[in-house]
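Contents: one structure, followed by commentary.
Basis for what follows: all heavy atoms, side chains included, without hydrogens, waters or symmetry-related copies. On a predicted model such as this, the values are computed, not experimentally measured, just so you know.
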Amino acid sequence: MNRPALVLALVLLTLSTGSYSQKKPEDRITASALSAHVTFLGSPLLKGRLNGTPELDIASEYISSQAKLIGLKPANGESFFQSYQVVQTRMDLQKSGVVVYSANDSVILKDPVYNLNPQGPADLNLEGEIVFAGYGIKTNDYNDLEGLDLKGKLVIVMEGGPLKDNQPLLPEKAYYSNAGFQMKLGALLTAGPKAVLFVPAPSSGYKSFVDEMPGLAGYLSTKTILKGSKDNTNALMTLMPKILFINRSVADAALEGGKDLITLQKGINESSRPQSFTVAGKKLKIIQKAVTTEENFRNVAGFVEGSDPALKNEVIVFSAHFDHIGEDGGKINSGADDDASGCAALLSMADALQNMKKKPPRSVLFLWVSGEEIGLFGSQSYVEHPLFPLEKTVADLNMDMIGRVKEAADSTKETPMTGPDNVFVIACNQSKELMKIAEDVDRKNIIDFDYTLSGRDHPLQLFARSDHFNFVKHDIPVLFFTTGLHSDYHTPRDVVSKIDFHKMELVTRTMFEIGLEVARRKTRLVVDNPYSSWGKRN
C-alpha cells in the first residue's frame, strides 16, 4: 500500500506471532500477545482509525494478515473482507454561508454552521428577523424571554447561564438544571421560533463550536446511513424549529450596531438582569448546501471450521469493532481500549482455537466490524448479508472496551467501571441456557461478572449501543463484555499505556471459555425470550 505505517504493521505482525510452547490452547492467550496487537491498533500512527480513512484500511489489513497467519479460513469465499456501502452527506462549504443584511448593507460570512435539527448536513435556506435572547433561560426569578416575540424569528442564545462575580447567579440546583440545552429548548421551542442559534458565551473562552465541542462538531459535520436503508430521521423533528450551532463571529455580525456578545454578557452579569432584544433593521440568512457520496467500507471475517459433519454448519460469533473516532482539534483519539482491546482479544482467541488438536463440533466465526462509531453499520451490514445463515448462528459474544481498571476519575453514573477482578456482562436474558453457561464459567474463574448494566431499561442503554444489538434484533442470543465507560472514553487519553493487560488476559480467557462451551454443546441453545416477542408480554 506504499504507506510508512504499513511497514510497522508488517514488523509487528512478525513479532507478535512467535513460537509458543504452552500445552493448553488457552495458554496462547497472554498479556504479551494482547499487548502486541493493541500497541499497533492503538498507535497514534493510525490517527484514531476514523471510518473512510487510509488508516482504517491499514488496521483492517493488519487484522486480516494476522487472521491468515493464525490459520483462520476466510469467511467470504477466498477473502477475509466483506465490503459494504454507506451514503455520506457533507456540507458543501463553497456553496454555504451566512448573510447578515439591512436596507443599506450586507455582510457575508463563510463560517460553518452545524445542525442539531435537522441532524447533520442538509439543504437549508433560513431567513428571518433576529432576536438576541441572552442565555435563553426562563424561571420565576430570571427570564431572558420576557417580553420577546420569538414567533418565526431566528433566535440567538448563549450557552451556559448568568454569572455574578464568576459564580452562578441562580441557586446552584436551579442554575445547572436551567442552563442546560433541554430546559432551554423546552421554553424556546414553545415560543415558535423559526430557528434557535446556540453560540459559545464569551466567558467560555471559545469563539467557535468546533473549538468548544470538537467531538460533537465532527459528528454533526457528516451524516451517514447504510446504503439501501431508510433515513431514520424522526418525522416529528422535521416539524420542529431548526436548532443550529453558530460561531461568535456570526452572532457579533448579526447584533445591533455597537453591540457584541462580550458587551452583552458583561451587561447581564453586572446588572443581574436579562439584556434581550429584537435586532432592529437587520435580517439573517443561513444558506446550506449538502453533497452526498457513496463510500466503501469493509469488515474482516475469518473462521475455524467445526469438527462435526452436521454441527459445523452452525456458528458461534465473536465480534469487536476496529474503527474509532479519529482526531479532534488536532489531537488523536487513539482508541486503545475502544476497541483495539476487543480486536486484540479476538485475535488471541482465534489463535488459541486454531491450535486446538480437536476443534469443537460447531464452527466459530471471528468478526471484526467497521462503522460501529457512526451507527453500528458494519454489524448491521453483516446481519443483512450474513456470511453464515442467521438461522444457523447460535450466539454472538461481543467485546467492546475490555482493557481498563477503575481509576479515581471514574466515579460518576456516566463512567461506571470495574476493578481488577471484574467485568461487566451485559445481557437481557434471551437464553437461560446461555446465562447458565456464563454463570458456571464465572464460578470457576478469577474474573467475576457484574450484570448491573444489563437490560433494556438501564439509563446508559449499553445493551443497544454496540454491535451485538444487531444480532439481538434477529433473535440471536448475546453476551456483551466491557470493563466499563472510563472517563477517558472518546478522548485522546484512551492510550495503550493505560491498558491493564493482565486483567485483559483474564477477561479474554474467560470469554474464550464461554464461547468454547457453546461450541461444544450437543444441542443448540434454546432462545426462550427472543427479541421478536418483546413488547408482546406483560
Side-chain angles (χ1 to χ4, degrees), residues 48-53 56 59-60 63 81-89 119-120 215-216 218-220 222-234 294-301 317-326 333 335 337-343 346 365-388 390 393 395-402 424 426-428 430 453-456 458 460-482 485 489-490 531-532 534:
R49 307 188 307 279
L50 184 68
N51 285 283
T53 64
L56 190 67
S60 68
I63 293 169
F81 297 116
Q82 181 194 36
S83 296
Y84 63 97
Q85 288 72 46
V86 298
V87 178
Q88 291 193 322
T89 304
Q119 187 171 300
L216 182 57
Y219 177 76
L220 294 178
T222 305
K223 183 175 181 178
T224 306
I225 63 172
L226 193 65
K227 184 179 179 180
S229 64
K230 294 181 179 179
D231 189 341
N232 60 359
T233 301
N234 190 321
E294 290 185 8
E295 304 288 343
N296 290 315
F297 290 178
R298 61 188 183 181
N299 300 327
V300 183
V317 180
F318 283 106
S319 60
H321 73 92
F322 64 94
D323 64 310
H324 195 51
I325 61 171
N333 300 290
D337 193 31
D338 185 14
D339 184 28
S341 62
C343 294
L346 261 64
L365 174 68
F366 295 91
L367 178 63
W368 296 266
V369 298
S370 58
E372 192 270 354
E373 296 288 3
I374 55 175
L376 310 184
F377 292 134
S379 54
Q380 180 185 346
S381 177
Y382 177 84
V383 297
E384 291 180 0
H385 306 281
L387 300 176
F388 289 82
L390 293 185
T393 303
D396 173 54
L397 306 183
N398 186 48
M399 49 222 70
D400 194 348
M401 301 173 62
I402 59 166
F424 290 120
I426 297 168
C428 207
Q430 298 162 273
L453 302 185
S454 289
R456 292 172 283 169
H458 192 280
L460 290 176
Q461 289 291 295
L462 293 183
F463 184 67
R465 282 175 56 181
S466 193
D467 293 296
H468 58 278
F469 192 62
N470 280 316
F471 289 89
V472 170
K473 290 188 285 187
H474 288 268
D475 288 343
I476 296 167
V478 305
L479 294 175
F480 170 33
F481 297 83
T482 180
L485 290 173
Y489 170 66
H490 280 192
Y531 176 86
S532 58
W534 295 0

Go through it in stages, so that I can follow the logic: the residues are L387 and Q82, the test is side-chain contact (heavy atoms from CB on, under 4.5 Å), and I'd like the CA-CA distance, side-chain angles, deciding distance and then a yes or no. CA-CA 9 Å; L387 300 176; Q82 181 194 36; 3.8 Å; yes
Between [X] and [Y], what is the shortest heavy-atom contact and its length?
X	Y	result
G455	C428	CA-SG, 4.0 Å
N299	V369	OD1-CA, 3.3 Å
T224	V86	CG2-CB, 3.7 Å
H458	L453	NE2-CD2, 3.4 Å
A301	L367	CB-CD1, 4.0 Å
N398	H468	ND2-ND1, 3.2 Å

Which residues satisfy the salt bridge (charged side-chain N to carboxylate O under 4.0 Å, His left out) test with K227, sequence neighbours excluded?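 Residues passing salt bridge (charged side-chain N to carboxylate O under 4.0 Å, His left out) with K227: E294.
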[X] side chain to [Y] backbone, donor-acceptor under 3.5 Å:
X	Y	result
R49	G335	yes
T482	F424	no
S370	D323	no
Q430	V478	yes
N296	Q85	no
Q461	R456	yes
Q380	N470	no

Between the side chains of [X] and [Y], is a donor N or O closer than 3.5 angstrom to an acceptor N or O?
X	Y	result
Y219	E373	no
D338	H490	yes
S319	D396	yes

Calculate, to the nearest 0.5 Å, the distance between atoms [atom1] and [atom2] belonging to [X] and [Y] respectively.
X	Y	atom1	atom2	result
S466	H321	OG	NE2	5.5 Å
T393	F388	OG1	CZ	8.5 Å
I63	L346	CD1	CG	8.5 Å
Q88	I374	CD	CD1	6.0 Å
L479	I426	CG	CD1	10.5 Å
D400	F480	CG	CZ	4.5 Å

Count the heavy atoms of every other residue, nucleotide or ligand shown that sit under 6.0 Å from CZ of F81, and state whether that count exceeds 12.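 More than 12 within 6.0 Å, yes.
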ring-ring contact (aromatic ring centres under 6.0 Å, His included) partners for F318, two or more places apart: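 For F318, the residues satisfying ring-ring contact (aromatic ring centres under 6.0 Å, His included) (neighbours in sequence not counted) are F366.
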With side-chain contact (heavy atoms from CB on, under 4.5 Å) as the criterion, how do L220 and Q119 come out once you've worked through the C-alpha distance, each side chain's angles and the decisive distance to 0.1 Å? CA-CA 7 Å; L220 294 178; Q119 187 171 300; 3.9 Å; yes
Check the angle between the aromatic planes of W534 and F463 and answer parallel, tilted or perpendicular using the 30° and 60° thresholds.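 If you compare the ring of W534 with that of F463, the planes turn out tilted.
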The criterion is side chain to side chain contact (heavy atoms under 4.5 Å, CB included); which residues satisfy it with S381, sequence neighbours excluded?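 Checked S381 against side chain to side chain contact (heavy atoms under 4.5 Å, CB included); matches are Y84, L226, H385.
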